[in-house]
Colleague: 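What follows is a structure written as structure tokens; I'll ask about it next.
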Amino acid sequence: MCFSAASSLNLQRFVGTSGMHRYRSHTCGALRESDIGKDVRMSGWVHRVRDHGGVLFIDLRDHYGLSQVVADPDSPAFKAAEKLRAEWVVRVDGKVRRRPSGTENPDLPTGQIEVYITEIEELGPAGDLPLPVFGDQEYPEEIRLKYRFLDLRRDRLHANIMKRGAIIDSIRRRMKDGGFFEFQTPILTASSPEGARDYLVPSRIHPGKFYALPQAPQQFKQLTMIAGFDRYFQIAPCFRDEDARADRSPGEFYQLDIEMSFVTQQDVFDAVEPVLRGVFEEFGGGKPVTPKFPMIPYAVAMREYGTDKPDVRNPIKMQNVSEAFRGSGFKIFANILAADPKNEVWAIPAPGGGNRAFADRMNSWAQGEGQPGLGYIFWREGEEGGAGPLGKNIGLERTKQIADQLGLKVGDAVFFAAGNPKNFVKFAGTARTKVGEELNLIAKDRFDFCWIVDFPMYEFNEEEKKIDFSHNPFSMPNMEPEDFLKLDPSDSEKILGMKAIQYDIVCNGIELSSGAIRNHRPDVMKKAFAIAGYDEEVLEEKFGGMLRALSLGAPPHGGIAPGIDRIVMLLCGEENLREVVLYPMNQRAEDLMMGAPSEVSPKQLRELHIRLNLPDKK
RNA sequence: GGGGGCGUAGCUCAGUUGGUUAGAGCGCUGCCCUGUCACGGCAGAGGCCGAGGGUUCGAGUCCCUUCGCUCCCGCCA
């Protein structure tokens, strides 16, 4: 065991002039050939015992590494050593000696030496382990979380957590070098109407009123800019009461929260991009990092990748091939196109997928996803006109038109999605990813970043039949304020077509963060909310403080907030946030180790003026 | 709230078309072993097969219900 991120510990200060430190003269990763002959003292966990009867080896482990300690029947500590079991914490005194020739362990930094034990002290015996620390077997989440401290002793998790700390150190340093200053903002704050469900904290002093934990320090960081501090950052805890995913912790997570005054979108990009690139180059294990993050407009991302968080390591780009099918012999698509001018046929090229087995596999995958199927054409030797039922239906000329448009040749295939893009774009994006994975087209071992820009400001809410903010209501509309203020409800075309100065950073298909140039003008803010159907009283009630601040000298400002946990996850090569969070909750937002959430006493409830009204148990 | 997967020894898993006494590895207990580093050898303990109900002469296995974990959808500006 040797934790990659662990450095050695200077133990000089532990050693008094009168003799040895109570627990150790050296850590378990410190001893080398140059220490041979020294009397040493180490403390740590019994990692592994190998008992040969006459000679007994113990791997002693601590945060810094692993040393082999040895006892034989001549040692006064032999009897004590025979008693030791895995994960007992012991102090060992002994003499460092060279391992006999041929028994060195080149896999260990301490593998040239061993410590011959003269004395053992039990510091912390351990009972039967619910979760063995030794080995790399997988264990159920429930046990891992309940005994998190045992799981954390294991090499991989221990190294991930150390790496997380190093990454955060590096981020802080880079931010400070970039002229940013770190602030702390309140944890107990006011509930905010937009966004996710809040975590609420009842107020004892104000019966019936509640604090909310911040979903993000969004308003605070903007207020900090209005307060004139110019460049803010914080490794900020954020709390959202929403359901978990593998890459989304329930309850709480951390963001690198950033805000800047007097900036354009490009200024934010220029400040953030080097920090992220630098961190990924420093901790990415040598994997190449995008040298200059490309900017992809939201509409282009949706059209070419079928998602607003494209994995651009996958080279496949989708195209509109409606013209090849309009009025063609393939009646299903021809009819779809004729039915509504909004309908389109999109092609998902699959270079190298030109065989029936693959096409059929994709087709049945699509059916498993709840689709009627996935139309395809493929080209193989001797069938340059295209094979598959769909190709036969539309004929040679149209097939060739599709191949030419997409640059496909013999050995390739193409899949199709048809209908209103609004309805199939998500599935098309999934199919694009599936094709890339199946054909091994995704360049692993890279960190491919991109900016997604020009998000729509508004969207039409089909359920409520009204215009809604499509993202953050605090974003600045990308329109001259004078023109924006003149907008009329009848300009719905213009309103739904307009963009916000809002952007995302995406790495390898994972959304790392979202940001915006903020709307710092109260008149534009009022208008923006009016368009979404909120009158001034609502705005005043929910965002009164913010509105007042904007009215008393607010600088143009903007920012972004990359997710720390997801950054660490990518850099540790982990698929699940629980592998990079010290004490995570399970998917149902329970802390199995501490027993949270828990019931509280009637007295506590009385003080808070709260009476429970629990759902009926079946 | 909805869908998929999983649930058998402390842990990881196997368990045939339903058939007698449910197996293996790791761990644990005991014995043997002086150069291992996933040490080795022998012996042993350890099971409400997640729970409840049903079908059957007979259920770990088939059916229904339910609970737990997990992944996904919804949700997450």
Side-chain angles (χ1 to χ4, degrees), chain A residues 1 47-61 66-75 78 82 85-87 97-108 110-111 114 116 126-147 150-151 192-198 215-216 218-219 238-251 253 368-370 426-427 430 455-459 463 468-475 500 502 504 511 513-516 518-519 532 561 563 575-576 578 586-588 590 592 617-618:
Chain A
M1 176 151 313
H47 188 62
R48 192 78 174 149
V49 179
R50 291 177 296 279
D51 186 350
H52 289 240
V55 60
L56 190 146
F57 303 99
I58 295 163
D59 291 335
L60 195 66
R61 182 195 75 233
L66 193 76
S67 283
Q68 173 166 284
V69 298
V70 192
D72 64 25
D74 296 333
S75 161
F78 187 67
E82 278 186 307
R85 293 290 175 266
E87 297 309 308
R97 66 186 192 191
R98 183 180 302 280
R99 290 197 189 190
S101 177
T103 66
E104 302 88 352
N105 187 343
D107 298 332
L108 287 179
T110 59
E114 62 190 13
Y116 182 76
D128 283 350
L129 299 169
L131 182 149
V133 172
F134 175 80
D136 51 9
Q137 209 169 351
E138 300 208 21
Y139 299 97
E141 289 286 339
E142 199 174 354
I143 293 176
R144 293 184 57 194
L145 293 173
K146 184 167 178 186
Y147 299 95
L150 289 179
D151 203 19
S192 166
E194 95 285 18
R197 209 173 286 119
D198 284 318
Q215 296 180 22
Q218 178 67 36
Q219 292 191 59
C238 303
F239 306 90
R240 295 178 192 173
D241 185 6
E242 296 294 344
D243 288 339
R245 289 288 181 276
D247 63 350
R248 200 170 83 208
S249 295
F253 58 94
E369 295 285 301
K426 191 169 179 183
F427 168 71
T430 314
F455 279 84
M457 178 84 189
Y458 295 103
E459 64 190 9
E463 272 175 33
D468 241 339
F469 289 112
S470 63
H471 285 87
N472 188 335
F474 296 129
S475 300
Q502 167 135 10
D504 278 5
E511 183 191 319
S513 70
S514 203
R518 318 298 172 190
N519 186 343
E575 302 276 316
N576 195 300
R578 286 187 294 266
N586 70 4
Q587 195 172 35
R588 294 185 56 201
E590 297 166 309
L592 298 175
K617 276 189 186 158
K618 278 182 194 169

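A, B, ... follow the sequence lines: proteins, then strands. Residue 1 opens every chain. Computed over heavy atoms, backbone and side chain alike; hydrogens, waters and symmetry mates excluded.
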Colleague: Taking atom C1' in both rG18(B) and rG74(B), what distance in whole Å separates the two?
Modeller: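 Straight-line distance between the two C1' atoms is 40 Å.
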
Colleague: Can you tell me how far apart CZ (R48(A)) and CZ (F134(A)) are? Round to the nearest 0.5 Å.
Modeller: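 Going from the CZ atom of R48(A) to the CZ atom of F134(A) covers 4.0 Å.
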
Colleague: Counting any heavy atom closer than 4.0 Å, what does L56(A) reach on the DNA or RNA strands: base, sugar-phosphate only, or nothing?
Modeller: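 No contact.
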
Colleague: Should the side chain of R48(A) and the base of rC39(B) be counted as holding a donor-acceptor pair, with the cut-off at 3.5 Å?
Modeller: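 Result: no qualifying N/O pair found.
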
Colleague: Taking atom P in both rA9(B) and rG46(B), compute the distance separating them and give it to the nearest angstrom.
Modeller: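 Here rA9(B) and rG46(B) have their P atoms 15 Å from each other.
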
Colleague: Taking the six-membered ring for Trp, are F469(A) and Y458(A) parallel (under 30°), tilted (30 to 60°) or perpendicular (over 60°)?
Modeller: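 Correct class here is parallel.
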
Colleague: Quick check, does H52(A) stack with rC33(B)? I mean ring centres under 5.5 Å and planes off by under 30°.
Modeller: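 Stack criterion not met.
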
Colleague: What's R144(A) touching, base or sugar-phosphate or nothing? Going by heavy atoms closer than 4.0 Å.
Modeller: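 If one applies the 4.0 Å heavy-atom cut-off, R144(A) turns out to touch nothing in the nucleic acid.
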
Colleague: Between R248(A) and E511(A), does at least one N-O distance fall below 4.0 Å, as a salt bridge requires?
Modeller: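 Salt bridge between R248(A) and E511(A), a charged N being under 4.0 Å from a carboxylate O: no.
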
Colleague: Go nucleotide by nucleotide along RNA chain B from the 5' end; which of L145(A) and V55(A) gets its closest nucleotide reached first?
Modeller: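 Mapping each residue to its closest nucleotide by heavy atoms, the 5'-most match is V55(A).
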
Colleague: Using the P atom as the reference point in each nucleotide, state the distance between rU8(B) and rC69(B) in Å, no decimals.
Modeller: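 Approximately 15 Å lies between the P atom of rU8(B) and that of rC69(B).
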
Colleague: Using the P atom on both, measure rG23(B) against rG15(B) and round to a whole Å.
Modeller: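 To the nearest whole Å, 15 Å.
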
Colleague: Indicate, with a heavy-atom threshold strictly under 4.0 Å, whether E575(A) touches base, sugar-phosphate, or nothing.
Modeller: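 Touches nothing.
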
Colleague: rG40(B) and rG1(B): how far apart are their P atoms, nearest whole angstrom?
Modeller: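 The answer is 49 Å between these two P atoms.
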
Colleague: Taking only Lys NZ, Arg NE, NH1 and NH2, and the carboxylate oxygens of Asp or Glu, determine whether R240(A) and D198(A) approach each other closer than 4.0 Å.
Modeller: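 Salt bridge absent between R240(A) and D198(A).
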
Colleague: Measuring from N586(A):CG to L145(A):CG, what's the distance to the nearest 0.5 Å?
Modeller: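 So the gap between those two atoms works out to 6.5 Å.
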
Colleague: I'd like the P distance from rU17(B) over to rC71(B), given in whole Å.
Modeller: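 Straight-line distance between the two P atoms is 32 Å.
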
Colleague: To the nearest Å, give me how far apart CG (N105(A)) and P (rA38(B)) are.
Modeller: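 Computing the N105(A):CG to rA38(B):P distance gives 7 Å.
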
Colleague: How far does the P atom of rC13(B) sit from the matching atom of rC6(B), given to the nearest Å?
Modeller: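 Roughly 12 Å separates the two P atoms.
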
Colleague: P atom, rG44(B) versus rG7(B): distance in rounded Å?
Modeller: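 It comes out at 30 Å once rounded to the nearest Å.
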
Colleague: Could you check whether Y139(A) gets within reach of a base, just the sugar-phosphate, or nothing at all, counting any heavy atom under 4.0 Å?
Modeller: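 Since only primed, P, OP1 and OP2 atoms lie under 4.0 Å of Y139(A), the category is sugar-phosphate.
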
Colleague: Pick the nucleotide of RNA chain B nearest each of A86(A) and D243(A); which residue has the one closer to the 5' end?
Modeller: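 Nearest-nucleotide comparison on RNA chain B picks A86(A).
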
Colleague: Is there, by distance only and without an angle test, a donor paired with an acceptor across the side chain of Q218(A) and the base of rA77(B) below 3.5 Å?
Modeller: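 When only heavy-atom distances are counted, Q218(A) does reach the base of rA77(B) through a donor-acceptor pair under 3.5 Å.
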
